[in-house]
Amino acid sequence: MTSLDLVRSKLRRFAEVEAAGVSPLYEHLALKAADDPEVAGLLAAAPEGFGHPTLLLAAAHRLLQAEPFHELSNYYPSLGGTYGADERTWPLFRDFVLQRAEKVRALVTTRTTQTNEVRRAALLFPAVAAVAKQAGSPLGLLEVGTSAGLLLGLDQYGYRYQTLQAGQLVSGPPKALLGLHCALEVAPGVELPKLPKTVKVAAKVGLDLAPVDLTDEDAYAWLEACIWADQPERLRYFGVAATVQRKAPPVFVEGDAVDDLARAAALVPAELPLVVITSTLMPYLPEGRRAEFVAALGDLGRPVWWISHEAYGAGLAHVLPGRDDLRPGDREPAFGVLGTAHWDGTGAPPVARALAKTGLHGQRLVWLA
């Protein structure tokens, strides 16, 4: 169980920091839910550490998928709705979830939010390319918190980075099924990153507490429900990426991010540079486990690169402390920090770099390196 006060605080912060300016529907619903003990109480049924606002919203989305003719669907673009949030949205949502309270509780107690934001591949690609150049050989990728493994397909996607300095930069296979767009800015005095046409990946492993089988219809529907309902373009990206993944799925390992990291890493051949990727994994780990995860990376007994796409305090701060410039200011919208850390396998401390500030869902990069 998660305390009601904590749930209400998380809902309010989610609305004001994460959804604000990004998802008008979820910002509206989360703000209202934060002030409604009955609705917030549904999320309090989640196991401790898993009561994230997106879980409640995903549960409602999943139930509405099964009742697409309900009036609430008019406010869900993912289900064909065209209405913006208005004075009727909250009453409809409130009645919908409370009338199905047992079904909502069943979902929030047995499921976790599994974000498959394939647009984040456009954020990760420049970091993977930088590591590939440094390593000088094809890479072995291990994504921790992989869900369905869609980010592991980053070498198969096409990328178009829109820049002020050089127009559009294009990377990725020329006949890629999925093309991703991302705005690329640079910090003052910084040059644009040099992006290769492709990166070579020789092994792909995904570690997750509950890896998702995309051939399972119910599992697939839950992943769709985890996508924010007023961003239907994300559903389209998800569908195309799922098609790509099914053609060449990665090796999945069911296990814990810390306890089973070495077991998953062992599936990447020793002759390949090991690149461990996390993208918004750390908020799902208790604070103490985050430090243990970083320590486990250094204990793998081989050279390893960590590509971290996390909030600074949850991720890169563990290996690159003292960078308050990488934290959002008061009332500043949340942003991610893309960075790398390299352990050379000798027991020496890692060499870490902050590469970019990012839009959380893959929409933009501000290059710092």
Side-chain angles (χ1 to χ4, degrees), residues 49-50 52 54-55 58 111-125 127-128 131 139-157 178 180 199 201-216 219-220 222-227 234 237-269 272-285 289-290 293-294 296-297 300 304-310 314-315 336 338 340 360-362:
F50 290 91
H52 298 278
T54 49
L55 181 58
R111 303 274 194 166
T112 59
T113 304
Q114 292 183 294
T115 304
N116 285 265
E117 181 49 90
V118 69
R119 292 186 302 175
R120 290 178 182 151
L123 308 178
L124 296 168
F125 180 81
V128 173
V131 170
L139 305 177
L141 301 183
L142 165 58
E143 185 190 6
V144 182
T146 194
S147 188
L150 301 187
L151 291 181
L152 288 168
L154 58 82
D155 60 318
Q156 298 171 274
Y157 306 148
L178 179 61
L180 300 173
V199 294
V201 177
K204 299 178 182 181
V205 179
L207 173 62
D208 199 282
L209 283 174
V212 178
D213 178 3
L214 289 175
T215 65
D216 182 301
Y220 190 96
W222 174 250
L223 293 187
E224 287 188 314
C226 289
I227 296 170
R234 291 172 65 188
Y237 289 138
F238 168 73
V240 178
T243 299
V244 174
Q245 193 262 46
R246 289 192 192 103
K247 292 182 178 181
V251 175
F252 287 113
V253 176
E254 182 177 344
D256 179 79
V258 179
D259 299 339
D260 298 291
L261 180 65
R263 179 165 63 93
L267 296 176
V268 175
L272 295 178
L274 173 60
V275 181
V276 177
I277 295 171
T278 68
S279 182
T280 319
L281 164 75
M282 298 301 233
Y284 295 91
L285 299 181
R289 293 291 273 175
R290 298 172 191 174
F293 170 74
V294 175
L297 290 170
L300 288 174
V304 57
W305 284 262
W306 176 31
I307 296 178
S308 168
H309 178 237
E310 309 281 350
L338 178 70
T340 61
L360 292 176
H361 300 287

Worksheet item: For the atom pair CG (Leu281) and CZ (Phe293), what is the distance rounded to the nearest 0.5 Å?
Response: 6.0 Å
Item to complete: Evaluate the criterion side chain to side chain contact (heavy atoms under 4.5 Å, CB included) for residue pair Leu124 and Leu151; output intermediate values, then yes/no.
Response: CA-CA 9 Å; Leu124 296 168; Leu151 291 181; 3.8 Å; yes
Discussion item. Restricting to non-hydrogen atoms, name the atom on Leu274 and the atom on Ala265 that form the minimum distance, rounded to 0.1 Å.
Written reply: CD2-CB, 3.9 Å
Discussion item. If the condition is salt bridge (charged side-chain N to carboxylate O under 4.0 Å, His left out), which residues does Arg246 pass it with, not counting sequence neighbours?
Written reply: none
Worksheet item: Can you check whether Gly315's main-chain N or O pairs, donor with acceptor, with Arg290's side chain at less than 3.5 Å?
Response: no
Could you list the donor-acceptor pairs under 3.5 angstrom formed by side chains in residues 201-216, with sequence neighbours left out?
unit_1: Lys204; atom_1: NZ; unit_2: Leu152; atom_2: O; d: 3.0
unit_1: Lys204; atom_1: NZ; unit_2: Asp155; atom_2: OD1; d: 2.7
unit_1: Lys204; atom_1: NZ; unit_2: Gln156; atom_2: OE1; d: 3.2
unit_1: Asp208; atom_1: OD1; unit_2: Ala210; atom_2: N; d: 2.8
unit_1: Asp208; atom_1: OD2; unit_2: Thr146; atom_2: N; d: 3.2
unit_1: Asp208; atom_1: OD2; unit_2: Ser147; atom_2: N; d: 2.8
unit_1: Asp213; atom_1: OD1; unit_2: Thr215; atom_2: N; d: 3.0
unit_1: Asp213; atom_1: OD1; unit_2: Thr215; atom_2: OG1; d: 2.6
unit_1: Asp213; atom_1: OD2; unit_2: Thr215; atom_2: OG1; d: 3.0
unit_1: Asp216; atom_1: OD1; unit_2: Asp218; atom_2: N; d: 3.0
unit_1: Asp216; atom_1: OD1; unit_2: Ala219; atom_2: N; d: 2.9

Discussion item. I need the Thr278 OG1 to Leu297 CG distance, nearest 0.5 Å.
Written reply: 8.5 Å
Fill in: Point-to-point distance, once rounded to the nearest 0.5 Å, from NE2 of His309 to OG1 of Thr340
14.0 Å
Enumerate, atom names and distances included, each donor-acceptor pair closer than 3.5 Å involving a side-chain atom of residues 249-256, sequence neighbours excluded.
unit_1: Asp256; atom_1: OD2; unit_2: Val258; atom_2: N; d: 2.8
unit_1: Asp256; atom_1: OD2; unit_2: Asp259; atom_2: N; d: 2.8
unit_1: Asp256; atom_1: OD2; unit_2: Arg289; atom_2: NH2; d: 2.6

Worksheet item: If you round to the nearest 0.5 Å, how far is CD of Glu117 from CG of Leu150?
Response: 10.0 Å
Worksheet item: Below 4.5 Å, heavy atoms only, C-beta onward: do Leu139 and Val199 meet side chain to side chain?
Response: no
Discussion item. Run the side-chain hydrogen bond (donor to acceptor under 3.5 Å, both in side chains) test against Thr112 and tell me which residues pass, sequence neighbours left out.
Written reply: none
Discussion item. Nearest 0.5 Å, please: how far is CG in Leu338 from CZ in Phe125?
Written reply: 12.5 Å
Worksheet item: What pair of heavy atoms forms the shortest contact from Leu285 to Ala257, and how long is it?
Response: CD2-CB, 4.2 Å
Worksheet item: If we only count heavy atoms from C-beta on, is the Val144 to Val276 side-chain gap below 4.5 Å?
Response: yes
Item to complete: Write down the atom of Ser279, the atom of Arg120, and the distance for their closest heavy-atom approach.
Response: OG-CD, 3.2 Å
Discussion item. To the closest 0.5 Å, what do you measure between CG (Leu261) and CG (Leu300)?
Written reply: 5.0 Å
Worksheet entry | Those residues that, when tested against Glu143, pass salt bridge (charged side-chain N to carboxylate O under 4.0 Å, His left out) (two or more places apart) | none
Worksheet entry | Residues forming a ring pair (Phe, Tyr, Trp, His ring centres under 6.0 Å) with Phe238, sequence neighbours excluded | Tyr220
Worksheet item: Taking the side chain from Thr113 and the backbone from Leu55, do they hold a donor-acceptor pair closer than 3.5 Å?
Response: yes
